[in-house]
Amino acid sequence: YYQFRSVFFSTGVFKYLACIILYVLVTTSRKPSQNTRTTARFLARLIDAKYFSRGKASFDVLVSEAEKSGFKRVLVVGEDHGNVGSLSFWQDGWIEPEVKVKSVFLGTQNRVARVSKVDSPDEFGVKLKELFALDEREGGTTRMVLNRESVIFFEAGKKVLEFKLR
């Protein structure tokens, strides 16, 4: 699931090697509203993905740039009448299911950590966990709950982002 890219940097006489995990690139559909862009950026921060400001780029250009940069999967935050309407995943073709969004709750955006625990109580939640390509980490305070009705992110027990699904 993950591609590792080595990055070298130095401070003084010491040189360090850091591994950057690249997997998901988050972007929006063309000509998104400010609300959709804000939600997509925040989602990228929560799932430890990179946000790509698409502008007028065609999808083919977007996929080409993602592959050149080492990303395997693209998450497109779609729009419906100015609001987030779908979450679609691309990896050598569209991956089913496309997640249709009914409404979004966007809470505080202050210093949230990457998701460290993922709960998926039903079969649809397990499929969503695979689509988001998340691994659990020790000691974090951000939890993601995936099920047929919603995708919810909690930071220290407080809801920070929720997608209610159709």
The reported gap from CG in Leu128 to OG in Ser150 (rounded to nearest 0.5 angstrom) is 10.0 Å
- Please confirm whether the backbone N or O of Leu131 pairs with a side-chain atom of Arg73, one donor and one acceptor, at under 3.5 Å? yes
Ser33 and Gly82 have their tightest heavy-atom pair at OG-O, 2.8 Å
Please say yes or no: joined through hydrophobic side-chain contacts below 4.5 Å, possibly via intermediate residues, are Val104 and Leu75 part of one cluster?
yes
Note to self: For a side-chain contact (heavy atoms from CB on, under 4.5 Å) check, start with the C-alpha distance between Val74 and Leu62, then their side-chain angles and the critical distance, and finish with the verdict.
What the structure shows: CA-CA 9 Å; Val74 176; Leu62 172 70; 4.1 Å; yes
Can you tell if the side chain of Ile95 reaches within under 4.5 Å of the side chain of Trp90, non-hydrogen atoms only? no
Q.
Checking the side chain of Asp122 only, and the main-chain atoms of Arg148 only, is there a donor and an acceptor separated by less than 3.5 Å?
A. yes
key: Glu65 backbone acceptor or donor facing Ser69 side chain under 3.5 Å   = yes
- Message: Would you say Glu155 and Thr141 are linked by a side-chain donor-acceptor pair, where the criterion is simply a distance under 3.5 Å?
- Response: yes
NZ (Lys50) and CZ (Arg41) are apart, to the nearest 0.5 Å, by 11.0 Å
- Is the closest side-chain heavy-atom distance between Arg54 and Arg30 below 4.5 Å? yes
Derivation and outcome, side-chain contact (heavy atoms from CB on, under 4.5 Å), residues Phe154 and Val145:
CA-CA 8 Å; Phe154 295 95; Val145 179; 3.8 Å; yes
**Message:** Any non-hydrogen side-chain atom of Phe163 less than 4.5 Å from a side-chain atom of Val84?
**Reply:** yes
Just do the side-chain contact (heavy atoms from CB on, under 4.5 Å) check on Val126 and Leu146 with the steps written out, would you? CA-CA 8 Å; Val126 171; Leu146 305 158; over 6 Å; no
Decide yes or no for Arg143 and Phe153: does some side-chain heavy atom of the first lie under 4.5 Å from some side-chain heavy atom of the second?
no
- request: Would you indicate whether the side-chain heavy atoms of Val112 and Leu46 approach each other to under 4.5 Å?
  value: yes
NZ of Lys102 to CD of Glu149, rounded to nearest 0.5 Å, is 9.0 Å
Between Arg37 and Thr28, the two heavy atoms sitting closest are CA-CG2, 4.2 Å
Problem - Ring centres under 6.0 angstrom apart (Phe89, Phe132) - result: yes
Any side-chain heavy-atom pair of Ile152 and Leu161 under 4.5 Å
no
Is the ring centre of Phe59 less than 6.0 Å from the ring centre of Trp94? yes
- Between Thr27 and Phe52, is there a donor-acceptor pair closer than 3.5 Å when you use the side chain of the first and the backbone of the second? yes
Can Lys159 be said to sit on top of Phe105's aromatic six-ring, NZ or CZ under 6.0 Å from centre and within 45° of the ring axis? yes
Taking every heavy atom of Val77 against every heavy atom of Val26, the minimum-distance pair comes out as CG2-CG1, 4.1 Å
- Query: Does Thr36 reach the main-chain N or O of Glu79 with its side chain, forming a donor-acceptor pair under 3.5 Å?
  - Reply: no
- Query: Does atom CD of Gln34 have more than 12 heavy-atom neighbours, drawn from other residues, nucleotides or ligands, at distances under 6.0 Å?
  - Reply: yes
Exercise. Could you tell me whether Asp119 and Lys129 make a salt bridge, using a distance below 4.0 angstrom between a side-chain N and a carboxylate O?
Key: no
Margin query: Check for me, please, whether Met144 and Leu106 land in the same ILVMFWY cluster - side-chain distances under 4.5 Å, paths through other members count.
Written below: yes
Q: Apply side-chain contact (heavy atoms from CB on, under 4.5 Å) to Phe42 and Val160, showing your working.
A: CA-CA 10 Å; Phe42 192 57; Val160 292; 4.2 Å; yes
- Task: May I ask you to test the Phe124-Pro97 pair for a side-chain heavy-atom distance under 4.5 Å?
- Result: yes
Rounding to 0.5 Å, atoms NZ (Lys100) and CG (Asp80) come to a distance of 8.0 Å
Smallest heavy-atom separation, Val24 atom then Ala133 atom, equals CG2-CB, 4.4 Å
